[in-house]
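Here the structure comes first, spelled out in structure tokens, and everything after it is commentary.
Proteins get letters first, then strands, A, B, ... in listed order; numbering begins at 1 in each. Atoms considered below: every heavy atom in the structure, side chains included; atoms not considered: hydrogens, waters and symmetry mates.
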Amino acid sequence: MQMRREQVLPALLGFIALLLPTAAFAAIAVPHGNGPAMLTEPTRYAAWLTVAPIVLPIIGSALTLAFRHKIAWQANIAFGAMFLATVSAVFLNIVVLSHGPLLLAAGNWLPPFGIIIAVDVLGALLVLVTCLVGFIGLSYARCDVDHEGASFGFYTFYCLLIAGVCGSFATGDIFNLYVWFEVFLVSSFGMIVFGGERIQMDGAVKYGVLNLIATTIFLIAVGALYGFTGTLNMADIRHVLAETEGAPVVTVGALFVLAFAMKAAAFPLHFWLPASYHTPRIVVGALFAGLLTKVGIYSLMRVMIMLFGDKGTMFLPLIGWVGVATAVLAALGALAQTNLRRLAAFLVISGVGVMMIGIGLDTAEGLTGAIVYAVHSILVMTALFLVIGVVERLTGDADLTIGSNVYARYGLAAGLFLIFGLAVSGLPPFSGFWPKLMLVQASLAGSGALALAGAVGVILSGLLTTIAIGRAWVLVFLRPRDGSENGHVAVGAPRAMAAPLVALAILVVALGLLPTIVIAPAQSGAAGLLDPTVYLQRVQDME
Amino acid sequence: MSTLIFRTVAPYLSALMILFSVFVLLRGHNEPGGGFIGGLIAASAIAIYGIAYGVETVRRAMYIHPNSLAGFGLLIGALSGVAAIFAGEPLFTGLWWIPVVGGVEIPLSTVMTFDIGVYLVVVGSLSSIALTLEETD
């Protein structure tokens, strides 16, 4: 294929941009020490790995915005930025796994007054999965988003969203966490109205109002926390909270739980999610479903377990019971849906419930299960939405009231849907099996009503999810079309769309067959949350 | 809003405000001012010019699309932060270079370039909003 003239320069730029940092990162990952014991201390440049997955997408979004009239460049720039971010996230994981938490004091303003970026094993793992999903989603978006979309600024918002989510996972400052929430919230507003249809505006208003309320509650909680602890640095907050007693701790804790539960779409604050996730462009819905609720879950873990320490345990039973209700009721909700996207949206919420059960168990095993489930959920929810998008493109609609006979006509799409659907249900050999098994085991190891309810909740939600997926499979994929059309036109799906989906399917199966690649870092991440001595020591050394 | 008085005053007023915004931007490091407030002043200047002469004229006069301006601003801001890597310092550490030209010290720094980036982001995004609102009138 002959390359068009306007593609040569961006391709060249991308190539150069690729070479330089890869060489730089290689130099960081292998410090030039003397002797075999060279992996003792990371170089000071290694700290830059903590911000690379944030800064690179921001530079990408700045470039796409600055060259907004060069439509052909947009996807390439975003692609380059996301690729580099993913590479740096891989190196970040290597360094964090071997050296422990990595810190960077922005502007050399030291903690507890300056803002620090602090990535521990949990943060690094989630940053990597975010970048990976962002990169894969981008290869799908490339086929799905046309020139008009690119000129509207789709890629700008896309990069900014990834930067915001990575920033949330990487920061070591609670107010900075709020700022990253705002960053991805603003870009998600931009993405959700993308297309400008009436129904999208409707979804955007519901999404926007509820999320703004949640973010405001979060801000109020941060303000109150600052009021009585006098610090915003996470490590410092833990020290102060350990010595604080009384009402303020309970009040602020409750506000945090409320704000993050709302963000994570936990029952009974879940209603905004199915009302808005089925309206935007499918790749937008996929990204939201994969990433945004998980930021809420991550914040819940970080704040209630690491920051509040012993004081946080009083909220854990509440989180656990809410999780049980969310997991079961959302799965029931999924059974009642007639639209595939809405069905998938309810499955997202059900997964949130499962993770909250893991947090609520108050054991290292439960927390590990929740972290593994978060990784699985990010991958599989994005994949499920994307495959539904392909089905919609192929058949014109994805409605359970009209048969589409997808299985007979488009075998690959049907097969991929089945893989992702069964992975969500938690059946082996897919990625969902292990975290659910771990959570059930962790529940049964505990005692009390919550432990029992947790095990029942995980298993019951899995069963209901399997039924919901089976129902969708029979009604959409097997049933032949009965003649009734609802006006949507099949646009077809380019061959290139299969690549990101197959990549996700490989990841999902790989995590099912080799679960230790996630379980090992998740265990270390959970241990780091429950006993952050190394993290606190690193911050103290910096001061 | 196209009265004779307004149309006569608007160009001078806008020019003066943009000049003042640059002044506010540059004094910002040690005294009240800075990129954000400077950007707001410049965006109001652009809005005033738009009210007097219409959106098309402003767009022609700006030459660069406001969104691109914001993009370049974000780029300058991000690169000012990243520049610290060449000094071996953490992200966003201020680097200073103070040349003496004819006996006068001119303090240049990445702090200033970051502020210029903020200025451009604010000018770009706010004038983009203002012009879109004026367009639909």
- Item | Contact class of Ala106(A) relative to chain B, heavy atoms under 4.5 angstrom |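 Both parts, heavy atoms under 4.5 Å.
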
- Query: Side chain, backbone, both or neither: which part of Leu104(A) has a heavy atom under 4.5 Å from chain B?
  - Reply: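 The side chain, not the backbone.
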
- Step by step, would you call Thr156(A) with Thr64(A) a side-chain hydrogen bond (donor to acceptor under 3.5 Å, both in side chains)? CA-CA 6 Å; Thr156(A) 308; Thr64(A) 50; 3.0 Å; yes

- Task: Select one option (side chain, backbone, both, neither) describing which atoms of Val82(B) are under 4.5 Å from chain A's heavy atoms.
- Result: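 Answer is both: backbone and side chain atoms of Val82(B) are under 4.5 Å from chain A.
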
- So which part of Leu79(B) gets closer than 4.5 Å to some heavy atom of chain A, the side chain, the backbone, both or neither?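 For Leu79(B), side-chain heavy atoms alone lie under 4.5 Å from chain A.
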
Please check if any side-chain donor atom of [X] sits under 3.5 Å from a side-chain acceptor atom of [Y], or the reverse.
| X | Y | result |
| --- | --- | --- |
| Tyr119(B) | Ser21(B) | yes |
| Thr113(B) | Ser80(B) | yes |
| Thr231(A) | Asp236(A) | yes |

- Considering residues, nucleotides and ligands other than Trp96(B), do more than 12 of their heavy atoms fall under 6.0 Å from its CH2?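 Atom CH2 in Trp96(B) is crowded, with more than 12 foreign heavy atoms closer than 6.0 Å.
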
- Message: Looking at chain A, which one of Gly124(B), Gly88(B), Gly81(B) has the largest number of heavy-atom pairs inside 4.5 Å, strictly under?
- Response: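 With the most close heavy-atom pairs to chain A, the winner is Gly88(B).
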
